[in-house]
Amino acid sequence: MDIGYYPGCTLHASSSLYDVQSRRVFSEIGITLNEIDDWNCCGATSAGKIDDFLAVAMPARNLGLAEAEGFSEMVIPCSACYSRMLVAQKQLENNIKLKEEINAELSKKVQGTIKVSSILEVLLTPSASDELAAKVTKELKGIQAACYYGCLQTRFPFKIPINDDVENPQGMERILKLLKAKTIDWSYKTDCCGASASVDDETTAFNLMAKIMKDALSRGANCLVVTCPLCQLNLDAYQDKFCKKHGIQDRLPVYFITELIGLALGMSPDELQIDRHFIDGSELLKELDLI
Amino acid sequence: MTAVELEFNFDTAKSFVQEVMERSDQNLLACYQCRRCASGCPVGEETGYVTPDRLIRMLVLGDRESALNNDLVWKCVSCYTCGTRCPNEIQTARVTETLKKISKETHQKPLSPKVAHFHSTFVSSALRWGRLNEIEFINFYEIKNTLTDLKNFRFKAIFSEMIAQGQVGLNMLRRKRLHFGFQSAKGRKEIKRLYQRAKTKQRG
């Protein structure tokens, strides 16, 4: 199966390991990711705080490009990009005038036909998850994952229905079950990590991340699993610092969901670039005899 | 925690709440102060007195000054929890986003210059090349912060920011997370034209 793929800026930069993992994992289960040609930044969470028109126009161009390339579905692993694209599509659908105004400047006009999917949605289609379950060569016994969704996988500023529970999503849990990993029930799975506050308001971001960390640890998790590259970077890169500040002794590796899938499918740590974690990602895996 | 004294001005109250309601597309008059938003707000501990419901009240009462200059507007992380839980579906994060825009457009001094710098630098970097180049963006962002701190004689703040960012950068380099390559999109001209259109519209 061929689908459109929007990596977004960070998957081409600081989180390029997520790009590598996504491509490998999807190709292993028979899905080819076709990167949209000449895509642009979606505006992330910043554009909406600067200019409303721009916040729709930036993702809109990508929707037009993907549709012009003939894709009926586009997968977006980054939560912020996914959210922005979905919200822009909704706004264009609701506002014909806005759509005309934006289309006037676009070489590839937005029709509004493409399905914008999160990485979990694609992995959980019956055919993909069957393929995934069949391809597992290494069961992830011993993993006790705290699946962390953050904000933008399930909550949107516009009314947009999703295929999962908004406050207690189960998508990652369902995938990890296929890999025979255990998951914990916990309270902070859709709480905010602070997002850009880690850069512009450290105290706030650290308070938020410390709460997430404390709950995951108190419920016996031995790792955090995420889909969002910003959640990953925040919880990983700042973990040592916010834990010290808040008196937390233990540390947890923060894996992308694709990292654990890749492992279960028999890919090597090198291939998955597991050495690019701030909190060592291989220590736990060695301890559990998974690598 | 002390209550903020609300300023009421009949002339400005009506037009301001109308502007915010229109731009954020939220019916603020539907708020009946049940405070589900307040109990779910993850930054509640940082914002003190001002919770989403109280921000709405400030707007309804027309206290423009307080509505633009409070911790909630500048510490809101746009997690959309309040809007998801509101029985009347008021998305207060869209209100805080609107207030940030009004603050910028009316050339107010933002309560948190760093937050304002972050978003404006992010957007200009993304527009410049069509894609965001992280190192360039962080550098421009820190230049803006330094200039603000210099203007206010906050030399210690400049120093600690440099140390903190230096540490993050070094850590990222060590973990192969610093990306030195350059990325851009050829079609950025289309986006720039759209932005011009947006700005002309704003002026109009």
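Below, chain A is the first sequence line, B the second, and so on; all start at residue 1. Hydrogens, waters and symmetry mates play no part in the numbers below; they use all other heavy atoms, side chains included.
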Structural part of [X] lying under 4.5 Å from a heavy atom of chain B:
X: Arg276(A); value: both
X: Gln273(A); value: neither
X: Tyr238(A); value: side chain
X: Ser16(A); value: neither
X: Asp236(A); value: side chain
X: Thr154(A); value: neither
X: Leu208(A); value: side chain
X: Val166(A); value: side chain
X: Asp201(A); value: side chain

Choice from Ile135(B), Val43(B), Thr81(B), Val168(B) maximising heavy atom contacts with chain A below 4.5 Å
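Ranked by heavy-atom pairs under 4.5 Å with chain A, first place is Thr81(B).
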
Proximity of Tyr148(A) and Tyr188(A) rings by center, below 6.0 Å: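 No; Tyr188(A) has its ring centre 6.0 Å or more from that of Tyr148(A).
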
Output field: ring centroids Phe140(B)/His117(B) closer than 6.0 Å:
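Centroid separation for Phe140(B) and His117(B): 6.0 Å or greater.
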
Identify which part of [X] has an atom lying under 4.5 Å from any heavy atom of chain A, answering side chain, backbone, both or neither.
X: Arg94(B); answer: side chain
X: Ser120(B); answer: both
X: Lys104(B); answer: side chain
X: Leu194(B); answer: both
X: Tyr141(B); answer: side chain

*Partner chain B: residue of Leu65(A), Ile102(A), Thr45(A), Asp37(A) with the largest heavy-atom pair count (under 4.5 Å)*: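 Top count of heavy-atom pairs under 4.5 Å with chain B: Ile102(A).
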
Looking at side-chain heavy atoms only, is the closest gap between Lys156(B) and Ile158(B) below 4.5 Å?
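No, side chains not in contact.
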
- Would you indicate whether the side-chain heavy atoms of Leu99(B) and Trp74(B) approach each other to under 4.5 Å?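 Of all side-chain heavy-atom pairs linking Leu99(B) with Trp74(B), none is under 4.5 Å.
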
- Salt-bridge test for Arg154(B) and Asp149(B): reply yes if a basic N is under 4.0 Å from a carboxylate O, no otherwise.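 Salt bridge present between Arg154(B) and Asp149(B).
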
Please determine if Lys159(A) and Glu89(B) form a salt bridge, counting it only when a charged side-chain N lies under 4.0 Å from a carboxylate O.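 Yes.
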
Of Ser79(A), Ser118(A), Pro77(A), Cys78(A), which is the lone residue that meets side chain to side chain contact (heavy atoms under 4.5 Å, CB included) with Thr227(A)?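 Only match with Thr227(A) under side chain to side chain contact (heavy atoms under 4.5 Å, CB included): Ser79(A).
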
Worksheet entry | Check: Gln167(B)/Asn171(B) side-chain N/O donor and acceptor closer than 3.5 Å |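 There is no such pair between these side chains.
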
Of all the heavy-atom pairs spanning Arg84(A) and Ala44(A), show the shortest one and how long it is.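 Result for this residue pair: CD-O, 3.2 Å.
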
